[in-house]
Amino acid sequence: MGPDDDRRMRILATVDAIPRGRVASYGQVAAEAGLPGRARLVGRLLRELPAGSRLPWHRVVRSDGSIAGRGDGEAMTEQRRRLVREGVTLEGRGRVPRERFWRGC
DNA sequence: CGTTTGACCGAAA
DNA sequence: GTTTCGGCCAAAC
């Protein structure tokens, strides 16, 4: 088990700790996992999650509250659906309001 | 090997 | 509001 696995584990544990009905940004998750400035690593990790993962990956959004991904994309639609299902409303151009971010922002 | 590419971010223009 | 840029760095090419 290398240091890479350790980092991944902490990131996944952090995502897993995001409360239901709230969201966190990629950078927030990275910082919380002790890896400030490594937001992209979080994104890459979540992208590579197996289809049936139990992790609440849908609670991770961009720092401005928008859903990550380009134009189309299954993951985007699925993420919106999951968020709405647990009470997270998307305002304006599909952005999650600041108040819903984990521990302010 | 070198280069490009991101489920990103914050500041600057 | 927007695009650009430097920072980040593992995987894909």
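So you know, we letter chains A, B, ... as the sequences are listed, proteins then strands, and number each from 1.
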**Q** Looking only at atom C1', what distance separates dC8(C) and dG6(B), rounded to whole Å?
**A** 11 Å
**Q** Looking at Glu32(A) and Arg103(A), is there a salt bridge between them, counting it only when a charged N and a carboxylate O are closer than 4.0 Å?
**A** yes
**Q** Please examine the side chains of Leu90(A) and Arg95(A), heavy atoms only from C-beta on, and report whether any two atoms are closer than 4.5 Å.
**A** no
**Q** Between dG1(C), dA10(C), dA7(B), which nucleotide has the shortest distance from any of its atoms to the side chain of Ala68(A)?
**A** dA7(B)
**Q** Measure the distance from CD on Glu48(A) to C1' on dT5(B) and round it to the nearest whole Å.
**A** 13 Å
**Q** Name the nucleic acid region contacted by Arg62(A), choosing base, sugar-phosphate or nothing; use a 4.0 angstrom heavy-atom cut-off, strictly under.
**A** sugar-phosphate
**Q** What about Arg40(A): does its side chain form a donor-acceptor pair under 3.5 Å with the base of dG7(C)?
**A** yes
**Q** Quick one, Asp4(A) with Arg8(A), criterion side chain to side chain contact (heavy atoms under 4.5 Å, CB included). Give me CA distance, side-chain angles, the key distance, then yes/no.
**A** CA-CA 6 Å; Asp4(A) 284 11; Arg8(A) 285 181 229 187; 4.0 Å; yes
**Q** Leu41(A) CG to dA11(C) C1': how many Å, rounded?
**A** 12 Å
**Q** Would you indicate, yes or no, if dG10(B) has its OP1 or OP2 atom less than 4.0 angstrom from a side-chain nitrogen or oxygen of Ser63(A)?
**A** yes
**Q** Round to the nearest Å and state the distance from Arg44(A) atom CZ to dA12(C) atom P.
**A** 10 Å
**Q** Can you tell me which residue among Gln79(A), Arg82(A), Glu86(A) is in a side-chain contact (heavy atoms from CB on, under 4.5 Å) with Arg59(A)?
**A** Glu86(A)
**Q** Give the rounded distance in Å between these two atoms: CG of Leu35(A) and P of dC9(B).
**A** 15 Å
**Q** Would you say Arg38(A) places a side-chain N or O within less than 4.0 Å of OP1 or OP2 belonging to dA10(C)?
**A** yes
**Q** Once you round it to whole Å, what is the distance between P of dC9(C) and CZ of Arg47(A)?
**A** 17 Å
**Q** Rounded to the nearest Å, what distance is computed from the CZ atom of residue Arg7(A) to the C1' atom of nucleotide dA10(C)?
**A** 8 Å
**Q** Taking all heavy atoms of Arg22(A) and all of Trp102(A), pick out the closest pair and write down the distance.
**A** NH1-CA, 4.3 Å
**Q** Under 4.0 Å, heavy atoms only, any strand: does Leu46(A) hit a base, just the sugar-phosphate, or nothing?
**A** base
**Q** Across all strands, who's sitting opposite dT3(C) as a Watson-Crick or G-U wobble pair, both distances under 3.5 Å?
**A** dA12(B)
**Q** Let me know the distance between CG of Leu45(A) and C1' of dA11(C), rounded to the nearest Å.
**A** 12 Å
**Q** Please determine, for the side chain of Arg93(A), which listed nucleotide (dG1(C), dA7(B), dA10(C)) has the closest atom?
**A** dG1(C)
**Q** Report the distance from atom CD of Gln28(A) to atom P of dC8(B), rounded to the nearest whole Å.
**A** 15 Å
